[in-house]
Amino acid sequence: MTEIEFQKNFSQLQYHLYTSPLPHVSNLHPHQKTIHAFFMLDHLREELQRKNESTLKTVNDFNLPEELHVYHSLYPLDQRQEKSIKIFGYPSWVYKSVCSVDGRVYCLRRIEGFRLTNEIAMSTIENWRRIRHANIVSIREAFTTKAFGDHSLVFVYDYHPLSQTLFDKHFSSSSLQANNLPQSGGTGVVVPETVLWSYITQLASAIKTIHSSGLAARMIEPTKILSTNKNRIRINCCGIMDMLTFDGGKNIHHFQQEDLIHFGQLIISLACNSLSSVLNLPKSIDYISRHYSPDFKNVILYLLNKPTPTKSVDKVIAMIGPRILHEINSVHHYNDFLESELSQELENGRLVRLLCKFGFINERPEFDMDPSWSETGDRYLIKLFRDYVFHQVDENGYPVVDMAHVLMCLNKLDAGVDERIMLVSRDEQSCLIVSYKEIKNCIDSAFRDLSRRK
Ligand SMILES: Nc1ncnc2c1ncn2[C@@H]1O[C@H](COP(=O)(O)OP(=O)(O)OP(=O)(O)O)[C@@H](O)[C@H]1O
């Protein structure tokens with residue numbers, strides 16, 4: 001399916017189901033709530049919806065193999081059609097794909113035209129598979145294939161929907177600036193120092209885990225670091241270079257030292273908002289001294305120092321200690337925020353379960369001829385309660401469509417409160433005074449009754 005067909009077949013989801021609260025209702029009493037209090041924040045919902053949509057996207061591309069090892073439904077993720085061989089020495093392609101073994105979505109990276117001659121190289125992936133880190137894209141497996149009509153090597157990674165490379169995030173729209181250092185009299189920094197400290201902390205943590213496992217990342221570069229969430233980054237493509245240039249681990253110390261230098265170059269490029277800033281270090285450091293804190297400059301200078309036997313990521317971690325505490329604090333705050341948003345939806349799950357029970361009980365066709373089912377006793381009460389919640393009309397006979405009323409009734413029902421309400425029959429000939437507690441008992445017993453009938 002093409003992108004246009006996809007748009008046609010799946011009508012756009014309405015992200016903004018509710019407008020934000022108006023100013024005059026924002027000052028509520030403690031016991032009052034607006035409709036927004038029952039749902040997660042719009043922007044969070046929208047982000048999750050978009051991620052789901054992009055995870056489900058499919059395409060009918062006859063140039064792609066239908067099946068590849070245990071993977072199918074390949075969907076290309078490359079945004080740029082021109083293939084650069086700068087990073088791997090071979091053209092590489094990225095696909096989203098579904099695994100037929102566990103049904104999950106993965107990201108496949110194909111290295112085109114690579115013929116594996118040394119089988120032992122495959123074993124390097126085992127070391128990488130053992131690494132689980134919040135700032136590293138996890139690798140699952142690697143295999144060779146001729147499904148594309150050539151000898152290709154495919155690496156399977158966790159899929160992070162809608163992720164962006166740091167290059168796309170910070171350098172793509174600024175290609176003009178990419179060749180020039182920002183002017184000293186400019187409006188100030190492009191990437192705030194707090195964001196850069198967060199990047200430094202996350203990358204240092206990932207590199208520490210990699211180096212402690214006797215490995216080297218060899219991928220600290222803007223197109224191979226993914227931004228998967230707000231300020232959340234992950235090193236991508238780990239393990240590929242170890243396989244493409246297999247040396248049995250002889251040069252690992254050299255590659256680890258290179259990691260630190262590339263780390264420094266990445267941060268300097270982000271701080272100066274220019275990929276070429278590493279070519280003119282004195283000018284770049286001067287810019288950083290004027291716009292960022294001395295601590296920040298010292299970390300960069302340390303990272304860019306010539307390799308020595310004592311230069312290590314541990315020293316970087318010691319230098320950035322206080323910033324790590326700040327990062328932990330921010331992460332805990334964000335965690336609290338997400339937990340509170342999640343709890344809003346938890347309430348909705350409860351209400352959906354209640355609505356499902358209503359759906360099971362009311363208007364069952366097989367009991368149409370059985371007046372004892374819905375027209376008497378408990379079931380009759382449930383039917384009247386359903387009318388009370390959903391089918392009320394105003395004094396002019398117009399339907400009352402009031403979500404707050406529905407939510408209030410369902411919440412009181414779920415809690416089984418003692419409050420009493422008056423239920424009126426449709427012909428208005430009889431009325432019943434019952435408590436939510438009694439109705440709750442009726443629903444539970446009717447549902448139990450249904451579940452038992454097999
Ligand atoms: N694990 C992943 N999960 C989800 N999306 C990914 C993953 N890895 C890469 N992508 C996406 O695939 C696209 C292409 O990635 P790639 O690494 O090829 O970047 P690139 O900028 O095209 O680099 P190159 O110039 O080396 O091809 C990017 O938009 C990236 O966000």
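This chain uses plain numbering: 1 for the first residue, then up along the sequence. When a ligand or atom number is given, it counts from 1 through the structure's own listing order.
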With heavy atoms and a 4.0 Å threshold, my read on which part of Val94 contacts ligand 1 is side chain
Partner of Phe296 under side-chain contact (heavy atoms from CB on, under 4.5 Å), picked from Glu193, Arg323, His291, is Glu193
Heavy-atom proximity to atom 19 (O) of ligand 1 ranks first, among Met219, Lys224, His160, Arg234, for Lys224
for atom 21 (O) of ligand 1, nearest protein heavy atom and its distance come out as Arg80 NH2, 2.4 Å
Closest to atom 11 (C) of ligand 1 among protein heavy atoms sits Leu77 CB, 4.3 Å
Output for pair (Arg110 CZ, Ser152 OG), nearest 0.5 Å, gives 4.0 Å
* To do: For atom CZ of Arg115, decide whether the heavy atoms of other residues, nucleotides or ligands shown that lie under 6.0 angstrom number more than 12.
  => no
Short version for Ser163: what comes under 4.0 Å of ligand 1, heavy atoms counted, is both
Discussion item. Within the structure, is a non-hydrogen atom of Arg109 found at a distance of less than 4.0 Å from ligand 1?
Written reply: yes
Taking every heavy atom of Tyr292 against every heavy atom of Ala271, the minimum-distance pair comes out as OH-O, 3.2 Å
Numbered in order shown, the ligand 1 atoms found under 4.0 Å of a heavy atom of Tyr159 are 3 (N), 4 (C)
Nearest non-hydrogen protein atom to atom 27 (O) of ligand 1, with distance, is Lys83 NZ, 4.1 Å
Q: Please say whether Asn236 places an N or O atom under 3.5 Å from an N or O atom belonging to ligand 1.
A: yes
With heavy atoms and a 4.0 Å threshold, my read on which part of Leu226 contacts ligand 1 is side chain
Of all protein heavy atoms, the one nearest atom 2 (C) of ligand 1 is Cys107 SG, 3.5 Å
request  = Evaluate whether atom NZ of Lys440 has more than 12 neighbouring non-hydrogen atoms of other residues, nucleotides or ligands under 6.0 angstrom away.
outcome  = yes
- Step through the shown structure and confirm whether more than 12 heavy atoms of other residues, nucleotides or ligands are within 6.0 Å of CZ on Arg350. yes
Closest non-hydrogen contact found for Tyr302 with Thr310 is OH-O, 4.0 Å
the protein heavy atom lying closest to atom 28 (C) of ligand 1 turns out to be Thr165 CG2, 4.0 Å
closest protein heavy atom to atom 29 (O) of ligand 1 is Gln79 NE2, 3.7 Å
If we number the atoms of ligand 1 from 1 as shown, the ones under 4.0 Å from a heavy atom of Asp78 are 18 (O)
Looking only at heavy atoms, the pair that brings Ser227 and Lys169 closest together is OG-NZ, 3.3 Å
Numbered in order shown, the ligand 1 atoms found under 4.0 Å of a heavy atom of Asp158 are 1 (N), 2 (C), 3 (N)
In terms of heavy-atom contacts, Leu77 and Cys107 come closest through CD1-SG, 4.2 Å
